[in-house]
Amino acid sequence: MLEDFVHELTGLVIRESEATRRFFAELWSLPVVERVARGRCIDALEFSSIPPDRFVRFRCVAGNNSDLREGDLVRLSRGDPALPILTGNLFRVEDDEVWLEPEKGWQKVAQELGRGHWVLDRSYLDLESFYRKALTDLSETARGRERILPLLAGDLKPQVDLERFEEACAKAEEEGVNESQAEAIAQAVATDLSHLVQGPPGTGKTFVLAQVVKQKVARGERVLITAATHRAIHNALNMIQRVAPEIEAIVKIGKEIYDPELRVQQYEAFSASPLTQHEGGYVVGATPFSLRSRRMRGIEFDSVIIDEAGQVTLPLALMAMLSAEAYIFIGDHRQLPPVLQSVPAKDAGLCSVFGRLSGRGFETMLEITYRMNAELARWPAESFYNGKLHPARENAGRRLALPQVARSFGEIFAPENPLVFVEMEHRNAKRFSNDEAILVADLLVDLQHAGFSMRQVAVVVPFRRQARQIRLFLKTRSALHDASECVIDTVDRMQGQERELVIVSMTASEPDYVTRLLDFILQPQRLNVAVTRARSKVIVLASEQLAQAESFDPEALDLIALWKTFRAACHVIRL
């Protein structure tokens with residue numbers, strides 16, 4: 001049975017690697033204008049300068065409407081990414097400037113960089129060999145054969161040290177945590193093998209992570225913090241610093257990532273950090289790949305904590321698990337799953353390590369949300385969390401408070417309706433909707449006139465192109481002077497964030513297009529994340545066509561039914 005499981009994972013690695021290679025080959029073959037429209041590249045880049053460090057800067061002459069972010073792998077070319085002049089990582093990304101850290105020296109091409117415009121495309125590393133080596137180690141090492149494989153295959157269940165559990169629970173309660181948080185912390189500290197902490201939106205899962213780390217380090221444990229993204233690792237490290245400032249032995253290992261908010265020191269390799277001489281417990285943040293490279297190869301930990309584990313695939317999780325004896329997974333399989341090229345969106349959650357282990361009896365769900373009011377929490381609680389998610393007393397009655405009366409959209413902004421569904425009549429929109437983009441811009445202008453801070457607003461969209469359209473219309477609103485402070489981004493970029501008010505633009509309405517992309521547009525995890533970012537109010541803009549989508553596929557019909565239950569939970573306004 002264990003051999004079958006390894007074979008299953010190997011098949012996933014091979015299929016995903018092949019699909020990724022095909023995806024990028026097809027993407028790079030598209031015209032530049034199409035790649036830009038998809039948010040996959042930046043064109044019209046002009047060489048700016050070479051600072052006295054390892055970065056090369058470019059000015060975005062036509063602006064930056066891509067979904068490229070810090071840490072992404074990229075390649076620079078005249079337009080054909082198959083013939084790059086430079087490859088490397090994005091260190092810093094702004095609307096008008098990008099900093100590239102080349103993999104190889106730029107000196108040989110320095111003169112050419114200053115001639116004409118450039119195109120920057122998303123790239124990738126073919127990591128199939130890394131995954132295969134991890135799977136080999138899974139089968140050939142004692143830790144892999146005796147702990148990890150039996151755990152993942154369901155043949156080995158964790159045991160809890162009851163004395164340690166009681167002690168950990170008492171310490172957690174001293175920190176003022178709620179009952180489900182205390183349970184999660186104590187189970188994670190006292191397990192001999194593994195525990196899962198499911199953290200629905202706003203329930204303080206990162207705070208729980210930090211409390212687990214605080215207790216483990218106090219016991220002298222070496223703890224690894226990892227995740228699928230640098231952003232998640234940085235958020236966890238920052239929370240640990242806030243909750244346990246007494247932990248001074250805490251670092252980030254890996255290629256330096258631009259993040260002015262990161263509170264801990266970054267080092268290129270473990271050997272360059274002060275932890276090489278440290279005795280006792282410490283904390284290291286690193287990606288799973290760092291564990292398999294020269295940066296950290298051979299470094300052992302007592303525990304690994306995988307954050308956002310619902311987005312971490314099984315093969316990726318293995319890379320980190322092979323370096324530790326105990327495994328704590330913190331995440332939520334009811335939110336966004338891993339992004340995979342070879343697996344349909346509806347099945348992606350089953351490929352995550354959290355999805356694989358969930359439901360086996362060694363998990364704790366955090367049950368109190370400190371974000372949403374009672375009305376906002378009700379639909380996700382009933383739809384995704386078996387009615388067990390409840391708002392904390394202090395935020396249950398929270399309402400949107402505008403300093404002044406809204407001029408044009410009083411009914412939409414009315415505080416007595418925290419969940420508003422604005423149903424629109426457009427029928428031909430695909431990846432962008434001018435009708436919804438104009439309405440979003442008008443809503444933001446009305447909010448500002450009412451004295452509401454744009455910093456407390458987020459606009460969530462399914463497609464990067466819709467975010468671009470909204471920004472274009474905002475530029476025509478001269479009265480809106482601080483629009484840049486409003487976050488306008490895709491659902492994928494909003495997980496883990498929150499705002500007082502969230503506007504969701506569903507965008508698509510062309511019937512055939514909606515039917516083809518139904519499992520993306522109405523993906524339950526995506527919908528859950530989109531509508532649970534708000535503290536006081538959610539405003540959803542959508543065409544009536546979404547509810548009228550037709551399909552003979554039972555799974556598609558389930559998506560439509562879920563969408564209808566959401567609409568029924570809202571105060572509906574027809575425009």
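The figures here come from the full heavy-atom set of this structure, side chains too, leaving out hydrogens, waters and symmetry mates. This one's a predicted model, so the numbers in the text were calculated from it and none came from an experiment.
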*Is E175 paired with K171 through a side-chain N to carboxylate O contact shorter than 4.0 Å?*
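A salt bridge is absent here (no side-chain N lies under 4.0 Å from a carboxylate O).
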_Assess whether a salt bridge exists between R399 and E375, defined as any Lys/Arg side-chain N lying under 4.0 Å from an Asp/Glu carboxylate O._
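A salt bridge is present here (some side-chain N lies under 4.0 Å from a carboxylate O).
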_Looking at every heavy atom in both I470 and V461, which two are closest together, and how far apart are they?_
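Nearest heavy atoms, I470 then V461: CD1-CG1, 3.9 Å.
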*So, does Q335 use its side chain to make a donor-acceptor pair with the main chain of R526 at under 3.5 Å?*
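No.
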*Any chance you could lay out the ring pair (Phe, Tyr, Trp, His ring centres under 6.0 Å) test for F520 and F463, step after step, and finish with the verdict?*
CA-CA 10 Å; F520 170 79; F463 308 106; 5.7 Å; yes
*Would you mind reporting whether L366 and Y385 have side-chain heavy atoms less than 4.5 Å apart?*
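SC-SC contact between Y385 and L366 ruled out.
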*Around Q548, counting heavy atoms of other residues, nucleotides and ligands shown, do more than 12 lie under 6.0 Å from its CD?*
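It does: Q548 CD has more than 12 such atoms within range.
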Pairs of donor and acceptor atoms involving the side chains of residues 567-575, under 3.5 Å and at least two apart or interchain, shall be tabulated with distances.
residue, atom, partner, partner atom, Å
R567, NE, E423, OE2, 2.9
R567, NH2, E423, OE1, 3.1
H571, NE2, E411, OE2, 3.3
R574, NH1, E423, OE1, 2.3
R574, NH2, E544, OE1, 3.0

*For the residue pair L559 and P524, establish whether any side-chain heavy-atom pair is separated by less than 4.5 Å.*
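Yes; the side chains approach each other to less than 4.5 Å.
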*Is it true that atom CD of E179 has more than 12 heavy atoms of other residues, nucleotides or ligands lying nearer than 6.0 Å?*
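No, CD of E179 has 12 or fewer neighbouring heavy atoms, counting only those of other groups under 6.0 Å.
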_Is there a salt bridge (Lys or Arg N to Asp or Glu O under 4.0 Å) between R263 and E261? Walk through the geometry before answering._
CA-CA 6 Å; R263 295 178 169 183; E261 297 182 359; over 6 Å; no
_Just so I know, are the side chains of S352 and L314 near enough to count as touching, which here means a heavy-atom distance under 4.5 Å?_
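No, side chains not in contact.
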_S383 side chain to P380 backbone, donor-acceptor under 3.5 Å_ =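 Checked: no pair found.
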*Within 45° cone of F301 ring axis and under 6.0 Å: R222 NZ or CZ*: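 Verdict for F301: no cation-pi partner in R222.
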*Going by heavy atoms in the side chains, are L209 and I225 under 4.5 Å from each other?*
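The answer is yes, as the side chains (C-beta and beyond) meet within the 4.5 Å cut-off.
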*Applying ring pair (Phe, Tyr, Trp, His ring centres under 6.0 Å), run through H333 and F354 and close with a yes or a no.*
CA-CA 6 Å; H333 57 302; F354 200 99; 5.5 Å; yes
*Quick one: do the Q187 and T364 side chains pair a donor with an acceptor below 3.5 Å?*
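No, T364 and Q187 have no side-chain donor paired with an acceptor closer than 3.5 Å.
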*From the options V212, I240, V283, D302, select the one residue that forms a side chain to side chain contact (heavy atoms under 4.5 Å, CB included) with V217.*
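Among V212, I240, V283, D302, the one meeting side chain to side chain contact (heavy atoms under 4.5 Å, CB included) with V217 is V283.
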*Does a side-chain N-to-carboxylate-O contact under 4.0 Å join D489 and R69?*
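Yes.
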*For the student: nearest non-hydrogen atoms of A153 and R360, plus distance*: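 In this case the closest contact between A153 and R360 is C-NH1, 4.1 Å.
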*Scan side-chain atoms only and decide if H426 and E436 contain a donor-acceptor pair under the 3.5 Å cut-off.*
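There is such a pair (donor and acceptor under 3.5 Å, judged by atom type) between the side chains of H426 and E436.
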*Determine, for K388 against E367, whether the closest basic-nitrogen to carboxylate-oxygen distance falls under 4.0 angstrom.*
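A salt bridge is absent here (no side-chain N lies under 4.0 Å from a carboxylate O).
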*asked:* Test your reading of the model: is there a side-chain donor-acceptor pair from R533 to the backbone of V529, 3.5 Å cut-off?
replied: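 Confirmed, R533 side chain pairs with V529 backbone.
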_Strictly distance-based, threshold 3.5 Å: is any side-chain N or O of E363 a donor or acceptor partner for the main-chain N or O of G359?_
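It does hold such a pair.
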*asked:* Looking at R455 and E500, is any side-chain nitrogen of the basic one under 4.0 Å from a carboxylate oxygen of the acidic one?
replied: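 No.
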*So do the side chains of R378 and M372 get within less than 4.5 Å of each other, counting heavy atoms only?*
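No - every pair of side-chain heavy atoms lies 4.5 Å or more apart.
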_Check: A286 main-chain N/O paired with S290 side-chain donor or acceptor under 3.5 Å_ =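 Side chain of S290 to backbone of A286, a donor-acceptor pair under 3.5 Å: no, none is there.
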*Inspect the surroundings of CD in E94 and state if more than 12 heavy atoms from other residues, nucleotides or ligands are less than 6.0 Å away.*
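More than 12 heavy atoms, drawn from other residues, nucleotides or ligands, come within 6.0 Å of this atom.
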*Side-chain contact test, heavy atoms from C-beta onward, threshold under 4.5 Å: evaluate it for L444 versus I503 and give yes or no.*
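A side-chain contact exists here, since the closest heavy-atom pair is under 4.5 Å.
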*Donor-acceptor contact below 3.5 Å, side chain N417 vs main chain V420*: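 Judged by distance alone, no pair lies under 3.5 Å.
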*Going through the checks in order, is the side chain to side chain contact (heavy atoms under 4.5 Å, CB included) test met by L541 and V504?*
CA-CA 6 Å; L541 315 182; V504 181; over 6 Å; no
*Taking H195 for the side chain and I328 for the main chain, is one N or O donor matched with an acceptor at less than 3.5 Å?*
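No, because the side chain of H195 does not come within donor-acceptor range (under 3.5 Å) of the backbone of I328.
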*Indicate the atoms forming the closest heavy-atom contact of F452 with L402, along with that distance.*
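That closest heavy-atom pairing would be CD1-CD2, 3.6 Å.
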_Side-chain touch I250/Q265, heavy atoms, less than 4.5 angstrom_ =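 I250 vs Q265: side chains apart.
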_Looking at A324, is its backbone amide N or carbonyl O close enough to the side chain of Y327 to form a donor-acceptor pair, meaning the two atoms are under 3.5 Å apart?_
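Present.
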_F421 vs W563, ring pair (Phe, Tyr, Trp, His ring centres under 6.0 Å): CA-CA, chis, key distance, verdict_ = CA-CA 11 Å; F421 190 106; W563 176 245; 5.4 Å; yes
*In chain order, what residues pass the side-chain contact (heavy atoms from CB on, under 4.5 Å) check against A396, with sequence neighbours excluded?*
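Only A374, P391 meet the side-chain contact (heavy atoms from CB on, under 4.5 Å) criterion with A396.
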*Residues Q456 and R535: side-chain donor-acceptor under 3.5 angstrom*: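 Note: Q456 and R535 side chains meet the donor-acceptor criterion.
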*With no hydrogens and no angle check, is any side-chain donor or acceptor of T203 less than 3.5 Å from a backbone partner on P200?*
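Yes; judged by distance alone, with no hydrogens or angles, the pair exists.
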_Q198 and D332 side chains, donor-acceptor separation under 3.5 Å_ =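 The answer is yes; a qualifying pair exists.
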*Ion pair present between D259 and R231, side-chain N to carboxylate O less than 4.0 angstrom?*
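So D259 does not pair with R231 through a salt bridge.
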_Is a donor from one side chain sitting under 3.5 angstrom from an acceptor on the other, for D435 and S433?_
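Side chains of D435 and S433: no pair found under 3.5 Å.
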*Which heavy atom of L156 sits nearest a heavy atom of R147, and at what distance?*
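Heavy atoms of L156 and R147 come nearest at CD2-O, 4.0 Å.
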*Flag, side chain of N395 to backbone of T369, donor-acceptor distance under 3.5 Å*: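 Yes; at least one donor-acceptor contact below 3.5 Å.
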*Which atoms form the tightest heavy-atom contact between P338 and G310, and what is the distance?*
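For P338 and G310, the tightest heavy-atom pair comes out as CD-O, 3.2 Å.
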